[in-house]
Amino acid sequence: MSSVSPIQIPSRLPLLLTHEGVLLPGSTMRTSVDSARNLQLVRSRLLKGTSLQSTILGVIPNTPDPASDAQDLPPLHRIGTAALAVQVVGSNWPKPHYTLLITGLCRFQIVQVLKEKPYPVAEVEQLDRLEEFPNTCKTREELGELSEQFYKYAVQLVEMLDMSVPAVAKLRRLLDSLPREALPDILTSIIRTSNKEKLQILDAVSLEERFKMTIPLLVRQIEGLKLLQKTRKHKQDDDKRVIAIRPIRRITHIPGALEDEDEDEDHDDIVMLEKKIRTSSMPEQAHKVCVKEIKRLKKMPQSMPEYALTRNYLELMVELPWNKSTTDRLDIRAARILLDNDHYAMEKLKKRVLEYLAVRQLKNNLKGPILCFVGPPGVGKTSVGRSVAKTLGREFHRIALGGVCDQSDIRGHRRTYVGSMPGRIINGLKTVGVNNPVFLLDEVDKLGKSLQGDPAAALLEVLDPEQNHNFTDHYLNVAFDLSQVLFIATANTTATIPPALLDRMEIIQVPGYTQEEKIEIAHRHLIPKQLEQHGLTPQQIQIPQVTTLDIITRYTREAGVRSLDRKFGAICRAVAVKVAEGQHKEAKLDHSDVAEGEGCKEHILEDAKPESINDATDLALPPEMPILIDFHALKDILGPPMYEMEVSERLSQPGVAIGLAWTPLGGEIMFVEASRMDGEGQLTLTGQLGDVMKESAHLAISWLRSNAKKYHLTNASGNFDLLDNTDIHLHFPAGAVTKDGPSAGVTIVTCLASLFSGRLVRSDVAMTGEITLRGLVLPD
């Protein structure tokens, strides 16, 4: 036994959790670090450490790191690899992450996890010796036969490769220079093996067990290389035979040599097309059609117009994903985290997606649901469809239906027409290459109708779960199964969608955002996106929540966040101008006298006022003093407020009430004003009112006249007959906007009751609802 003490790894190691690959001792691997605990480990241990010991990590395979610190650690794999961090590369795109280059040292076993935050640290027990492998006679006798057998297969494998490649030659030299006991780990990391097999090799602590498990992997790789070399040899022989035949054909037809060459190439293409048809997994009916068409194509001269049409048809049939699909990610917990990160609020949509995942776990052959998201513009209907595809791990394809007025866009053209092509559904399947994507049918409420047919009627078969398993495109003229496609339609209103089409979809209402939700969306998504697009950082600009609320209430009035996003873009552009000007001035100062330049810069920084964006001073502020966007800066950038809160002002006299009006943008408040004067008992209505609102006004005055004594309502002369020698004028402001609907009844009653009683209506209350002659208030 050697007198030299063995090299020991630290007894306490920080743990790097990985699930993409398996690091074996003696091998090198690159791994990406983007989760919370792993990022903290790199920043605290590797980037700030100064000793060699700080670069030694414990790599735990087959263990995903939770996305956030709040989540508990998953069960850790028992055996890990002590590794040396050789290189650390950081990046901020598409999100902050590091790429580590690590080299495996030896195996270890976790004895006890000492702490979990900010990154896991464990007490470990070293399982491999680092200075040299055991050379005792007993070990040599036990492993001699296995070691020699392994060495023989390893040499055979390397000699089958191209020795002129430097990496192969170096590997051959390593086989002779390295100890035999180190070869199983190194060769397992080089040859083609799965992560599961590498994990088994890592768990094999005994050398004898490690050799026994690695030898079959080498044999499998050797057999694969033999088969590959045999295939290449046959292909080379076929190429030589073709090359030997073709020159004879060209010599016998010297005048048309170029034409014969083109014919040969086309013939080879047809042969390849025929081979693809034979090996494709299309249904029997489609296969029969393709075989029939390929026979016609062989007999057809290339000059015929139908030749190109038939060839394009066969190429499309071969490229369609008849049985190719992606595997769904059915982890409900991960899906909930992903949806919450991508979108704030929208609880109904998230709940429906999670329900689909849950049922999909219980039933594998579940048909794809037909969902329709209905809501005002800008609330994120389209982006949520993209997130659903990302959550499920499926391909995503968007089909814009706005303005489509030809049913051939959905069903395709018949091949008898010149320039015929498949419909958008089949084209989308060809683009994504799988038969279970997520199709977003955008703006389904804006479909048109013309002499070329009704595309909404063509969608009936596509969006019917009982029929779309047998969808027939006019161009294909064979059935294609759409039952595994997840269709998501979006619309702003259901009023323009035909009832038959609406009946086939599951309607999910997407309401507009409240002010609180808009503030959260702005600071989670909109502001970081605009900062990235304009090359700014949070150290250069700060937008407080109070400023965001001012933008929402005073500069935008919408259900979604598109206008809000544009306002943030305008703010970022204004700040970018100031930052760029400041950098230009700093560059000039650098070329002037240093002492004088430093004095000027200090003077500029002292006079800079971050609260005003249009100050004449230099706003190229250092990172510790960002430009603060407050209300004064908003007025300088966006101009005076577009909307003012006038509710308390408007309700300073009797005869004014606030109603609620529905609009496609999510709704708004509406004032109702009334006044009385001496007259002949006439009721005047203004404000572009519809017939229903006029009837509501007459209904309101009739109910008030019949209940005047009960509520002590009198006219100017103190008479309970409200219209006695009294004219009433009822006005709805914003006279250029047409208004109609029954829901203004209760507001009109309240307005007139305030007028005749002389009592003010509360400024913080708005109302909606239909009134009846008995005084009942009906819901909208």
Side-chain angles (χ1 to χ4, degrees), residues 18 20-32 59 61 81-89 99-107 128-135 140 143-204 207-240 243:
T18 63
E20 297 176 351
V22 179
L23 179 68
L24 293 173
S27 64
T28 301
M29 182 180 76
R30 290 189 183 275
T31 182
S32 180
V59 180
T81 306
L84 188 68
V86 180
Q87 185 184 55
V88 181
V89 179
T99 301
L100 304 185
L101 179 63
I102 50 179
T103 299
L105 299 176
C106 64
R107 291 174 175 80
D128 293 340
R129 296 164 64 94
L130 280 177
E131 80 287 0
E132 61 178 347
F133 287 85
N135 292 319
R140 282 185 170 275
L143 300 179
E145 184 177 353
L146 281 175
S147 174
E148 289 298 326
Q149 186 181 5
F150 181 89
Y151 178 79
K152 181 184 69 173
Y153 284 124
V155 171
Q156 181 182 353
L157 174 63
V158 173
E159 289 178 350
M160 293 176 70
L161 304 176
D162 187 3
M163 297 298 294
S164 62
V165 179
V168 178
K170 182 179 180 181
L171 179 60
R172 180 65 184 88
R173 292 193 299 270
L174 285 176
L175 292 179
D176 295 328
S177 60
L178 287 176
R180 299 281 176 87
E181 293 81 3
L183 294 180
D185 289 333
I186 296 175
L187 284 177
T188 302
S189 63
I190 294 175
I191 63 176
R192 187 184 296 273
T193 52
S194 64
N195 284 343
K196 183 178 180 181
E197 292 170 338
K198 290 180 181 177
L199 206 60
Q200 293 174 352
I201 299 298
L202 179 66
D203 293 340
L207 281 175
E208 181 180 359
E209 183 183 359
R210 209 178 304 163
F211 275 114
K212 289 181 180 179
M213 294 175 66
T214 314
I215 289 175
L217 301 179
L218 289 179
V219 174
R220 184 184 68 187
Q221 189 74 21
I222 292 171
E223 295 299 326
L225 285 176
K226 288 180 179 178
L227 183 61
L228 183 62
Q229 291 175 352
K230 185 178 179 181
T231 305
R232 287 178 176 173
K233 184 178 180 181
H234 284 313
K235 187 175 180 181
Q236 290 173 356
D237 293 341
D238 292 340
D239 291 342
K240 290 177 182 178
I243 292 171

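Starting from 1, each residue takes its place in the sequence as its number. Just so it is clear, the values below take in all heavy atoms, side chains as well, and ignore hydrogens, waters and symmetry mates.
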Minimum-distance pair of heavy atoms, taken over all atoms of [X] and [Y]:
| X | Y | answer |
| --- | --- | --- |
| E20 | S32 | OE1-N, 4.4 Å |
| A154 | L187 | CB-CD1, 3.5 Å |
| Y153 | I222 | O-CD1, 3.5 Å |
| Q200 | M213 | CB-CE, 3.2 Å |

Exercise for review: Output, in order, the C-alpha distance, side-chain angles, deciding distance and verdict of side-chain contact (heavy atoms from CB on, under 4.5 Å) for T81 and L105.
Suggested key: CA-CA 7 Å; T81 306; L105 299 176; over 6 Å; no

Check your understanding: Does S27 have any side-chain contact (heavy atoms from CB on, under 4.5 Å) partners at least two apart in sequence or in another chain, and if so, which?
Key -> L23, L24, S189

Exercise for review: Please name all residues satisfying side-chain contact (heavy atoms from CB on, under 4.5 Å) with S194, sequence neighbours left out, ordered by chain then number.
Suggested key: K196, E197

Exercise for review: Taking the side chain as every heavy atom from C-beta outward, state whether L202 and P61 have any atom pair closer than 4.5 Å.
Suggested key: yes

Point to revise | pair L157-L225: side-chain heavy atoms closer than 4.5 Å | key: yes

For [X], salt bridge (Lys or Arg N to Asp or Glu O under 4.0 Å) partners two or more places apart:
| X | answer |
| --- | --- |
| R30 | none |
| R180 | E148 |
| K212 | E208 |

To the nearest 0.5 angstrom, please state how far the [atom1] atom of [X] sits from the [atom2] atom of [Y].
| X | Y | atom1 | atom2 | result |
| --- | --- | --- | --- | --- |
| E209 | T214 | CD | OG1 | 9.5 Å |
| T99 | I102 | OG1 | CD1 | 11.5 Å |
| T193 | K198 | OG1 | NZ | 4.5 Å |
| T28 | L84 | OG1 | CG | 9.5 Å |
| N195 | L199 | CG | CG | 8.0 Å |
| I215 | K152 | CD1 | NZ | 9.0 Å |

**Study point:** Whether Q229 side chain and M160 backbone form a donor-acceptor pair below 3.5 Å
**Key:** yes

Point to revise | Test item: D128 side-chain N/O and R107 main-chain N/O as donor-acceptor pair under 3.5 Å | key: yes

Point to revise | side-chain contact (heavy atoms from CB on, under 4.5 Å) assessment of M29 paired with L100 | key: CA-CA 8 Å; M29 182 180 76; L100 304 185; over 6 Å; no

**Study point:** For F150, all residues meeting ring pair (Phe, Tyr, Trp, His ring centres under 6.0 Å), sequence neighbours excluded
**Key:** F211

Review point. Considering the options T188, D185, L183, which one meets the side-chain contact (heavy atoms from CB on, under 4.5 Å) requirement together with R210?
Key: D185

